[in-house]
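We're numbering straight along the sequence, starting at 1.
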Amino acid sequence: MKYAFIASALVVITGLGFETGIVAAQTVKKPASIRTAAQTTVATFQTPNYSVRVFRQGTQTRMNVFDKTTNKLQLNAAPVQVQNSDQQTSYTSSQGERQFRISVDQAGNRSVEINGPGEVIQETTN
């Protein structure tokens with residue numbers, strides 16, 4: 001690694017006299033970037049309370065679910081199980097006791113369903 005040191009003298013005026021000090025700055029060579037697999041978006045949509053993105057990263061299908069009411073990412077690149085039928089494709093992932101299911105049908109209707117202890121949330125858009 002390459003390091004460069006820069007030192008400079010500072011004169012700080014205080015009350016009745018002068019004080020000197022040294023400031024050192026250090027730069028570090030950045031490590032080589034880590035290669036990540038290319039991502040391809042499969043589905044993306046918004047409902048009144050959620051923003052959803054389903055994507056493929058390498059050979060794995062993953063999902064992001066953002067809760068707009070709490071401004072928090074509920075799922076971040078979570079692996080999903082894909083279920084295809086003639087009418088729709090569903091993407092399912094679990095986090096703790098909560099299950100997230102995203103559905104996209106042939107007509108373009110999309111829905112997000114979240115099931116957890118004592119809660120069932122379902123929102124649809126088209």
Side-chain angles (χ1 to χ4, degrees):
M1 287 189 195
K2 295 180 181 179
Y3 294 96
F5 293 96
I6 301 170
S8 62
L10 292 177
V11 177
V12 180
I13 301 174
T14 62
L16 300 173
F18 295 98
E19 290 184 22
T20 59
I22 301 289
V23 173
Q26 176 179 339
T27 60
V28 179
K29 184 179 177 184
K30 290 174 79 174
S33 61
I34 298 171
R35 209 171 217 332
T36 57
Q39 294 181 1
T40 304
T41 299
V42 175
T44 184
F45 64 94
Q46 293 191 34
T47 66
N49 296 308
Y50 294 93
S51 184
V52 175
R53 179 174 177 242
V54 178
F55 59 98
R56 284 193 191 92
Q57 188 173 33
T59 59
Q60 179 68 55
T61 304
R62 298 180 177 274
M63 167 170 43
N64 294 342
V65 176
F66 180 78
D67 185 336
K68 296 189 284 188
T69 60
T70 62
N71 208 29
K72 292 187 179 182
L73 194 58
Q74 299 293 316
L75 290 179
N76 184 17
V80 298
Q81 293 178 338
V82 181
Q83 294 178 318
N84 289 309
S85 72
D86 292 339
Q87 300 301 316
Q88 74 177 11
T89 302
S90 297
Y91 306 92
T92 307
S93 184
S94 297
Q95 182 179 46
E97 295 184 30
R98 298 175 81 195
Q99 182 177 21
F100 296 78
R101 180 180 167 142
I102 306 304
S103 298
V104 179
D105 70 16
Q106 296 295 329
N109 297 310
R110 297 159 294 198
S111 67
V112 58
E113 182 179 329
I114 303 170
N115 292 301
E119 78 172 337
V120 176
I121 299 168
Q122 187 167 12
E123 293 188 14
T124 304
T125 187
N126 56 5

Before giving the answer on side chain to side chain contact (heavy atoms under 4.5 Å, CB included), spell out for Arg110 and Thr124 the whole-Å C-alpha distance, their side-chain angles and the decisive distance to 0.1 Å.
CA-CA 6 Å; Arg110 297 159 294 198; Thr124 304; over 6 Å; no
If you apply the rule side chain to side chain contact (heavy atoms under 4.5 Å, CB included), what do you find for Val80 with Phe100, and how did you get there?
CA-CA 9 Å; Val80 298; Phe100 296 78; over 6 Å; no
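Note that the CG atom of Asn115 and the CD atom of Glu97 stand 12.5 Å from one another [nearest 0.5 Å]. Note that CG of Asp105 and CD of Gln87 are 8.0 Å apart. Values are rounded to the nearest 0.5 Å. Atom CG of Leu75 is separated from atom CD1 of Ile114 by 8.0 Å, given to the nearest 0.5 angstrom. One distance of note links OH of Tyr50 with CD of Gln122; it measures 11.5 Å at 0.5 Å rounding.
Residues Thr92 and Gln99 meet the side-chain proximity criterion, which asks for heavy atoms closer than 4.5 Å. Residues Gln39 and Arg53 form a side-chain contact, since some pair of their non-hydrogen atoms from C-beta on lies under 4.5 Å apart. Between Thr40 and Phe55, every side-chain heavy-atom pair lies at or beyond the 4.5 Å cut-off. Using a 4.5 Å heavy-atom threshold, the side chains of Thr44 and Val54 count as separate.
Distance alone, capped at 3.5 Å, is enough to place a donor-acceptor pair between the Asn64 side chain and the Ala77 backbone. Between the side chain of Lys68 and the backbone N or O of Gln46 there is no donor-acceptor pair closer than 3.5 Å. Proximity of a side-chain donor or acceptor of Ser93 to a complementary backbone N or O of Pro79 within less than 3.5 Å is detected. A donor-acceptor pair under 3.5 Å links the side-chain atoms of Glu123 to the main chain of Asn49, judged by distance alone.
Looking at Glu113, Gln83, Arg101 one by one, the single match for side chain to side chain donor-acceptor pair (under 3.5 Å) with Ser90 turns out to be Arg101.
Nearest heavy-atom pair, Leu73 versus Phe66, reported as atom, atom and distance to 0.1 Å: N-CD1, 3.8 Å.
Residues passing the side chain to side chain contact (heavy atoms under 4.5 Å, CB included) test with Gln81, sequence neighbours excluded: none.
Remark: Arg98 CZ is packed, more than 12 non-hydrogen atoms of other residues, nucleotides or ligands lying under 6.0 Å away.
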